[in-house]
Amino acid sequence: EKVEITKAQRALMKVIVDAYNRHKIPQDVAKKLLQDQYSAEENFLLLTEMATSQVQVLVEFTKNIPGFLSLNHEDQIALLKGSAVEAMFLRSAQVFSQKMPNGHTEVLEERIRKSGISEEFMTPMFNFYKSIGELHMIEEEQALLTAITILTPDRPFVKDQQAVERLQEPMLEVLRKLCVLQHPQEPQYFARLLGRLTELRTLNHYHAEMLTSWRMNDHKFTPLLCEIWDVQ
Ligand SMILES: CC(C)c1onc(-c2c(Cl)cccc2Cl)c1COc1ccc2c(ccn2Cc2cccc(C(=O)O)c2)c1
């Protein structure tokens with residue numbers, strides 16, 4: 001059928017993409033990646049700073065999702081806590097696949113590989129980065145996919161799931177149309193994107209184990225990360 005994005009859908013997409021592009025990790029934090037220190041300790045501290053900055057960016061982005069601030073306040077917190085790790089895996093995957101400027105990508109990979117994360121979590125993590133890279137998403141798709149991840153109704157402790165579904169559904173519809181228009185030769189592209197969201201959920205489990213092993217080695221997190229990840 002002739003797929004067409006309506007004016008209202010284009011306006012919704014513009015709000016999400018503008019918010020997504022406005023909220024990036026500040027360059028001075030990202031630049032720290034190129035610092036010369038390479039010890040596991042130094043890498044962990046840098047990644048902790050990146051994650052903390054990323055959570056702040058994520059909260060600002062989420063506040064710009066139309067309708068989010070009208071949700072029940074406890075549900076807003078439950079959605080942020082429930083989606084933070086997935087949104088950050090998505091963000092770091094998009095940053096990897098966009099090949100950051102002057103070798104940041106290799107440096108970031110190096111620091112993640114040498115930050116006390118055990119091999120068993122590296123494989124699924126870098127497989128995910130590869131599978132996101134292969135999609136060659138445009139920024140509209142990246143921004144909508146991030147908003148859709150945050151607006152997942154069945155996160156733990158969400159009370160009014162219907163209210164979240166009512167926000168997520170229009171995003172899914174715009175993304176579906178965008179995929180048809182952007183990838184006419186690949187009718188399954190939208191399904192492939194949603195398949196990444198399923199893969200993201202499995203990374204939640206690995207991440208919980210990563211946190212436990214870091215804590216067993218007495219690694220400290222920032223107050224914001226402790227709050228969003230319910231640690232310490
Ligand atoms: C606490 C810390 C050690 C941690 O725990 N789990 C993860 C962890 C790991 Cl090791 C992998 C994936 C997800 C998480 Cl939470 C992390 C590190 O979290 C990160 C690290 C880097 C991240 C992010 C998010 C993005 N990036 C990359 C990035 C670089 C430069 C610019 C920008 C930008 O947005 O402009 C982003 C999070």
Side-chain angles (χ1 to χ4, degrees), residues 17 19-35 37 39-62 80-133 137 139 142-143 145-146 149-150 196 199-232:
V17 171
Y20 187 75
N21 285 330
R22 235 189 351 268
H23 299 122
K24 282 197 179 359
I25 284 189
Q27 273 319 306
D28 57 318
V29 175
K31 245 199 307 291
K32 279 193 170 182
L33 278 171
L34 292 176
Q35 234 170 5
Q37 316 284 342
S39 72
E41 270 314 302
E42 183 60 34
N43 288 340
F44 179 81
L45 286 177
L46 254 178
L47 289 173
T48 300
E49 194 175 334
M50 301 286 298
T52 305
S53 173
Q54 191 65 29
V55 168
Q56 289 159 341
V57 163
L58 182 67
V59 170
E60 284 316 303
F61 169 68
T62 304
L80 271 170
K81 289 173 72 133
S83 65
V85 170
E86 291 178 23
M88 285 157 69
F89 265 104
L90 208 45
R91 179 71 195 142
S92 53
Q94 287 156 357
V95 161
F96 268 115
S97 58
Q98 263 151 3
K99 293 272 166 257
M100 280 187 287
N102 46 45
H104 279 212
T105 312
E106 290 71 22
V107 167
L108 179 62
E109 172 158 355
E110 183 66 20
R111 291 193 187 278
I112 290 180
R113 286 193 183 282
K114 289 196 176 54
S115 59
I117 299 172
S118 86
E119 202 45 46
E120 72 184 286
F121 308 136
M122 283 303 167
T123 313
M125 183 190 295
F126 282 94
N127 284 345
F128 178 72
Y129 288 158
K130 191 162 163 288
S131 69
I132 289 288
M137 279 191 269
E139 66 177 11
Q142 291 180 11
L145 202 62
T146 305
T149 303
I150 295 163
R196 297 285 73 81
E199 190 179 353
L200 261 179
R201 288 199 178 215
T202 64
L203 293 172
N204 270 320
H205 302 300
Y206 287 117
H207 191 264
E209 313 238 328
M210 280 159 60
L211 287 183
T212 307
S213 67
W214 273 320
R215 287 171 64 210
M216 247 120 78
N217 301 315
D218 206 25
H219 281 85
K220 293 272 174 285
F221 300 101
T222 58
L224 180 59
L225 292 178
C226 292
E227 195 182 329
I228 202 146
W229 288 340
D230 285 334
V231 289
Q232 252 129 335

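Please read these numbers as outputs of a predicted model, since none were measured by experiment. Ligands are counted one by one from 1 in listed order, and the atoms in each one are counted from 1 as well.
Comparing Tyr206, Tyr129, Phe128 against atom 12 (C) of ligand 1, the shortest heavy-atom distance belongs to Tyr129. Nearest-residue assignment for atom 34 (O) of ligand 1 (options Arg111, His219, Arg91, Lys220; heavy-atom criterion): Arg91. When the heavy-atom distances from atom 37 (C) of ligand 1 to Met88, Met210, His207 are ranked, the shortest goes to Met88.
Without hydrogens or angle criteria, His23 side chain to Ala19 main chain gives a donor-acceptor distance under 3.5 Å.
Of the N or O atoms in Trp229, none lie within a sub-3.5 Å distance of an N or O in ligand 1. Ligand 1 has no nitrogen or oxygen under 3.5 angstrom from a nitrogen or oxygen of Thr48.
Listed by first and then second residue, the salt bridge (charged side-chain N to carboxylate O under 4.0 Å, His left out) pairs that reach into residues 42-56 are Lys32-Glu49, sequence neighbours excluded.
Residue Leu108 has at least one heavy-atom neighbour below 4.0 Å for each of these atoms of ligand 1: 27 (C). Distances below 4.0 Å separate heavy atoms of Phe44 from the following atoms of ligand 1: 3 (C). Within the listing of ligand 1, atoms 20 (C), 21 (C), 27 (C), 28 (C), 29 (C), 30 (C) sit less than 4.0 angstrom from a heavy atom of Met50. Counting the atoms of ligand 1 from 1 in the order shown, those under 4.0 Å from a heavy atom of Leu225 are 1 (C).
Aromatic ring pairs are classed by plane angle as parallel below 30°, tilted from 30° to 60° and perpendicular above 60°; the pair Tyr129 and Phe96 is tilted.
Cation-pi contact between Arg113 and Phe126: present, with separation from the ring centre below 6.0 Å and deviation from the ring axis of at most 45°.
Using a 4.0 angstrom heavy-atom cutoff, Phe96 does not count as in contact with ligand 1. Heavy atoms of Val85 come nearer than 4.0 angstrom to ligand 1 in no pair at all.
Inspection of the His219 and Glu41 side chains reveals an N or O donor paired with an N or O acceptor under 3.5 Å.
To the nearest 0.5 Å, atom CG of residue Leu46 and atom OG of residue Ser115 are 10.5 Å apart. Between atom CG of residue Leu224 and atom CD of residue Gln54 there is a gap of 11.5 Å, rounded to the nearest 0.5 Å.
In this structure Glu110 satisfies the side-chain hydrogen bond (donor to acceptor under 3.5 Å, both in side chains) test together with Lys114, sequence neighbours excluded.
Only side-chain heavy atoms of Val95 come within less than 4.0 Å of ligand 1; its backbone N, CA, C and O stay farther off.
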